[in-house]
Structures are given as structure tokens and as C-alpha cells.
Amino acid sequence: MAELQRLRPEHAPALLAFERENRGFFAASVPDRGDAYFEEFDARHRALLDEQEAGVCHFHVLVGDGGEVLGRFNLVDVAEGSAELGYRVAEKATGRGVATDGVREVCRLAVEAYGLRRLTAATTLDNPGSRAVLGRVGFGAVGSVTLDGRAGAAYELDLGGSFGRERSGTSE
């Protein structure tokens, strides 16, 4: 069974493999990270861990039974009880509720572990999977955005005190 884990130094090799294996798949719906991302991966990983230690971000990986990374679920720009949600799931794990479950779990952690009250997210209009996940979890569209030159929508979720008790079940 897959487990959502807080990002740690030892996740680096599996995380790099995840990003390499899914680069083309991700580039179809989000801006490509570029070659420099892979060339400088170790330094970037350390920088993420430093940001996490400082409390300005909370990074998570969904780890499968074999230790492989199946997804990333991140809370960035943490300030004043709010953060922005970002996530991506391996192509081989899509269509099985993995994204919905991961987003629900990171929302639960946002409340219970990090004391957050509100999350924002954004996705392009041509990414129906992400739009559906956000809707299933309870995010509401709050406006239009442009992401890397593509039309998108901004979303918001008021975590309130009962988020985890009100949301259950998955389907993707």
C-alpha cells in the first residue's frame, strides 16, 4: 500500500527516477522543468529540504510498496495560515484515485500537522484530471489565471475545523 511521506534526504534517488520517467507525461499538462532541473537535482533537493526545515514549505512524496515514488504533494509559500497546493502523479498511477487520495491526505496534514486554514491551487483548463481532483476534494474555482502562457483556473479550499471528518471515499 502506498504511503504519503514527508520529503527526506533519502528520497532523492527515487524522486529523481520519478521525475525522469514521467517527464514527457508531465510536460503534456504542466510546463517542463527543463534540463537544468535534472542536472542540478541534488542541489535542488537539498534546497527543498532547507525550505521545509524553515517552515515555508511542506513537501511530500507518495511512496509505493517497492520504494518507488508514485506522486508528489506539496504545500508551498506557507504564510498566515495559508499555502498553495501543488501535486503530480506518475503516469502509471493515474486513474486509480491516487491523486485524489494524496490531495485529501495532504489537506488533512495541512490542518492537523501544519495548522493551516486555507489552501489555494491552480491548473490549466486543458488539464481535466487535476480540475476533477480539486473539485472532488472540495476546492472551488475562484478565478482565471494564466500558467506559462496557458489559460487556467485558480482554486481555493477553506480547511475549517472539520475538513477531515466531512470528506471520505475516493474515485478518480
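Please read all numbers here as calculations on a predicted model, not as lab measurements.
In terms of the salt bridge (Lys or Arg N to Asp or Glu O under 4.0 Å) criterion, Arg46 has no residue partners (sequence neighbours excluded).
Atom CG in Leu7 sits 5.0 Å away from atom CG in Leu49 (nearest 0.5 Å). Taking CG of Asp42 as the reference point, atom CZ of Arg44 lies at 11.5 Å (rounded to 0.5 Å).
Closest of all the heavy-atom pairs between Gly67 and Ala14 is O-CB, 3.6 Å.
Using modelled atom types and a 3.5 Å distance limit, the side chains of His11 and Gln5 yield a donor-acceptor pair. No donor-acceptor contact under 3.5 angstrom links the side chains of Arg72 and His60, judged on distance only.
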Step-by-step side chain to side chain contact (heavy atoms under 4.5 Å, CB included) determination, Leu85 to Val103: CA-CA 8 Å; Leu85 168 71; Val103 169; 3.8 Å; yes

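Between the side chain of Tyr114 and the backbone N or O of Cys57, no donor-acceptor pair lies under 3.5 Å. Checked by atom type and distance alone, the side chain of Asp158 pairs as donor or acceptor with a backbone atom of Gly160 at under 3.5 Å.
Taking a cutoff of 4.0 Å between a charged side-chain nitrogen and a carboxylate oxygen, Arg131 and Asp126 do not qualify as a salt bridge. A salt bridge links Arg88 with Glu19: the closest approach of a Lys/Arg side-chain nitrogen to an acidic carboxylate oxygen falls below 4.0 angstrom.
The hydrophobic cluster containing Val145 also includes Leu147, under a criterion of side-chain heavy atoms closer than 4.5 Å among ILVMFWY residues, counted directly or through chains of members.
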